[in-house]
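Have a look at the structure below before the remarks.
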Amino acid sequence: MASVYKTLSKSMNGGKPETPANGVRKNKQKTLLLPSRGTTFRHRHLIQDIVNLLPTAKKDAKFDSKKKLFLLNELCELSNCNNCLYFEARKNQDLYLWASKVPNGPTVKFHVLNISTMEELNFTGNCLKGSRPILSFDSAFDQEPYLQLIKEIFLHVFGVPPGARKSKPFVDHVMSFMFVDGKIWVRNYEIKETDPSKTKAGEDGDEEVSSKSSKGRNKELDMSLLEIGPRFVMSPIIIQEGSFGGPIIYENKNFVSPNQVRADLRRKKATKHNTRVDQSTDRLAKKGDLGLRTNGGKKAPVDELDSKKLFA
Amino acid sequence: MGRSKLKVALAHEKGVDFKKLREKKTHKERVHKKQKKAGANGGTAAIPENASDDENGWEDEDETEGGALIADEEAGDRSSDDDDNEDEAENPDLAALDESDDSDSSIEFEKKIVRTPKAKVTSIVATASKKAAEEDDEDDEEDEDDEDIPMSDLEEDMEDEEREELNALVRSRTTINNTTALLASLKRIALPTDKSVPFTAHQSIVSAEPTADGIEDVQDDLKRELAFYGQSLAAAKQARALLKSEGVPFSRPTDYFAEMVKDDGHMARVKEKLVEAASAKKASAEARKQRDLKKFGKQVQNAKLQERHKEKRETLDKIKTLKRKRHESGGGDLGEKEADIFDVAVDKELKSSGYKNGGGRGPPGGGANNKRQKKNEKYGFGGKKKHTKSGDAVSSGDMSGFSAKRMKTGAKPGKVAKTARLGKSRRQAGAGKR
């Protein structure tokens with residue numbers, strides 16, 4: 001009954017809370033976060049950190065399949081999410097992140113490197129749970145189309161729309177995305193404002209009132225940043241046009257899979273042994289050619305003046 | 001270029017004619033496109049990415065995308081979409097009821113695009129606005145990709161491939177960078193972040209110049225983090241100015257308490273870590289200081305010992321001279337003699353010089369009796385002597401006689417320099433010479 005009343009009163013007022021005056025639809029984001037099977041503790045902590053930072057996030061149970069990723073679309077729809085962050089762990093060490101706009105895509109697949117969670121970093125920064133972050137992007141994000149797309153997805157996933165459900169009214173942290181070395185580096189800082197003169201009176205009370213009138217005074221506040229964590233680096237691999245499917249519209253040529261890297265390392269280590277084996281076989285062959293081996297290889301020509309021949 | 005050499009060879013083996021294939025493909029696509037066009041005209045008049053899309057903004061793209069939709073689904077969607085615009089006071093329909101129930105949690109989904117299994121069709125739909133221009137050069141997907149690859153990339157690829165052939169390593173990767181498709185997807189999902197919307201709607205800031213420019217070496221942690229910090233700080237300052245100008249509360253008042261990202265336990269741990277680090281630093285500094293002092297302290301101790309020796313010698317000299325004086329001046333005077341026996345003058349002299357007689361409990365005349373003194377030392381008259389030579393905590397803790405340097409040189413602590421006392425034979429020889 002209450003809901004009927006609510007609807008009626010809403011329609012009576014003619015108010016459309018979803019659509020402001022200029023006809024732009026309200027920006028609503030909800031993100032489903034879920035890991036695959038086989039994540040390590042560090043991956044789990046990273047996911048937990050991200051969940052803590054995002055009021056729009058919804059965490060789900062481990063996703064079992066690594067092949068049928070399109071099932072994630074249905075999962076998202078079930079939990080009313082329009083973004084999805086799927087953390088896929090492989091070989092108990094590599095972490096891949098799929099960031100997707102459900103249901104129509106696009107999807108970006110990243111390889112996540114250099115993970116340091118809040119737990120292990122021991123940074124002194126802290127921020128309100130659910131306060132809206134300032135998203136700081138490197139200007140490199142505006143230069144390439146695929147980076148523009150990635151930036152847009154980050155804006156949806158990591159940005160908190162105004163008036164989101166669990167969000168808090170103040171702004172006290174910055175989330176920064178840098179594009180360096182072909183990879184995207186993510187940092188998270190607390191904004192710390194300190195008054196250099198230490199004589200600030202009634203700042204909290206008349207914040208809104210004084211915001212315009214005494215801008216000069218507010219400007220005097222020194223600003224410094226304290227890192228909160230977590231830290232991680234993402235290397236984009238592919239972008240798909242659909243959500244967990246569809247044609248690949250971008251592929252990072254420079255990406256080398258960690259498996260390849262490990263294999264190369266192993267091969268490099270193995271070369272030492274291999275060269276040694278090669279050398280020994282070469283030496284044996286050489287000896288055989290010279291007739292210095294008892295069995296196998298060429299026999300040395302029998303000399304007529306050999307003592308064995310002479311005194312046979 | 002799109003096909004690898006291996007593939008080409010294989011095709012050649014099979015006797016496949018690429019030209020024929022391509023013709024077939026283009027024909028197929030033409031047919032596809034015609035069907036598409038027919039469908040679009042049947043559904044809505046809108047063509048993807050037409051002009052109306054721009055003015056309506058991002059939220060209307062559902063309808064425009066709907067060109068590729070099944071008609072009935074579209075109709076259903078429209079009813080829920082457009083009910084805002086209808087006069088709801090008159091007929092609050094069921095859809096509105098549902099909406100209000102979960103208005104807090106519901107997310108406005110994009111309408112699902114129905115994709116044909118053949119993937120490349122969608123990309124062509126996305127670029128359909130240019131179809132008039134593309135009418136003659138409808139190529140298959142590979143060729144489309146080729147167009148997107150810049151010439152420099154091609155050359156690079158060639159070099160790469162040659163190198164790989166040399167290395168006998170098959171790790172060929174073709175770049176896919178379908179710019180048109182990327183931009184189309186971007187346009188589809190883009191939220192407005194330009195001047196038309198308030199900053200508070202998105203709170204995103206793009207830095208003035210790429211951060212990578214400020215970093216010479218990515219491995220240099222300090223410089224890299226500094227550059228990151230710089231970018232973030234600039235963004236935060238800019239954001240504060242923008243938010244303040246929009247009248248949005250920025251800084252948290254001191255009396256606003258709420259749940260934090262890191263709970264109190266975590267912060268306590270962080271603090272503990274900090275304290276620990278600080279105390280460790282302090283302790284190491286202290287230890288260093290002590291070590292230095294010790295090095296210096298040895299010298300101080302030596303100086304003190306020497307001084308004490310010197311003092312003793314001086315007092316003894318004084319006593320000697322005093323005695324001599326007495327002898328020279330002294331006659332058979334009993335009073336004088338008595339004073340001599342009891343060494344009153346010496347005592348006086350010593351007292352005046354401040355020398356404390358350590359002789360202890362001898363006869364009141366002083367420690368003249370050397371034998372008695374020794375016996376006292378040995379047998380008593382000075383407290384318990386038992387266990388005096390056994391080690392205790394203090395003595396074992398006393399490392400003043402120990403020097404790592406001397407230990408390392410291998411010199412025995414008790415041994416003196418060789419020149420101090422010659423061997424017996426040499427001593428005797430020397431004595432003979434004398």
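For clarity, every value in this text was computed on a predicted model and none was experimentally measured.
Atom NZ of A/K168 sits about 9.5 Å away from atom CZ of B/R252, to the nearest 0.5 Å. Distance check, rounded to the nearest 0.5 Å: CD of A/E152 to CG of B/L191 gives 5.5 Å. Rounding to the nearest 0.5 Å places CD1 of A/I239 at 5.0 Å from CG of B/L182. Summarising the geometry, atom CG belonging to A/N122 is positioned 10.0 Å from atom CE belonging to B/M267; distances are rounded to the nearest 0.5 Å. Taken from OH in A/Y250 to OG1 in B/T179, the straight-line distance is 11.0 Å, to the nearest 0.5 Å. Taking CG of A/L147 as the start and CG of B/L186 as the end, the distance is 11.0 Å to the nearest 0.5 Å.
Remark: A/F154 engages A/F110, A/F158, A/F177 in a ring pair (Phe, Tyr, Trp, His ring centres under 6.0 Å) (not counting sequence neighbours).
Ranking B/A201, B/S207, B/S185 against chain A, the residue ahead of the rest is B/S207, based on heavy-atom pairs under 4.5 Å. Interface check for chain A: of the options B/P210, B/A227, B/A258, the most heavy-atom pairs under 4.5 Å are formed by B/P210. Chain A forms more heavy-atom pairs under 4.5 Å with one residue of B/I215, B/L183, B/T193, B/L233 than with any other, namely B/L233. Ranked by non-hydrogen atom pairs under 4.5 Å with chain A, the options B/A212, B/A235, B/A236, B/A239 are led by B/A236.
Proximity to chain B (any heavy atom under 4.5 Å) is shown, for A/L149, by both the backbone and the side chain. For chain B, the nearby part of A/R187 is the side chain; its heavy atoms alone come within less than 4.5 Å. Both the backbone and the side chain of A/S224 come within contact range of chain B, with heavy atoms under 4.5 Å apart. If you measure heavy-atom distances from A/I238 to chain B, you find no contacts under 4.5 Å at all. Within the 4.5 angstrom heavy-atom criterion, only backbone atoms of B/A208 (N, CA, C, O) approach chain A. Interface residue A/E119: backbone and side-chain heavy atoms are both found under 4.5 Å from chain B. Of the atoms belonging to B/K262, heavy atoms from both backbone and side chain fall under 4.5 Å from chain A.
Judged by distance alone, with hydrogens and angles left aside, the side-chain atoms of A/H156 form a donor-acceptor pair with the main-chain N or O of B/I189 at under 3.5 Å.
You'll find the side chain of B/R188 reaches within 4.5 Å of the side chain of A/N104, heavy atoms only. Contact of the A/L221 side chain with the B/R240 side chain is registered, since non-hydrogen atoms from C-beta on lie closer than 4.5 Å.
Each of B/F250, B/F257, B/Y256 was compared with A/F170 under the ring pair (Phe, Tyr, Trp, His ring centres under 6.0 Å) criterion, and only B/Y256 meets it.
Shown here is B/D264, whose CG atom has no more than 12 heavy atoms of other residues, nucleotides or ligands within 6.0 Å.
In this structure, a donor-acceptor pair under 3.5 Å is present between the side chains of A/S136 and B/Q231.
The pair B/E225-A/R231 meets the salt-bridge criterion, since a charged nitrogen lies less than 4.0 angstrom from a carboxylate oxygen.
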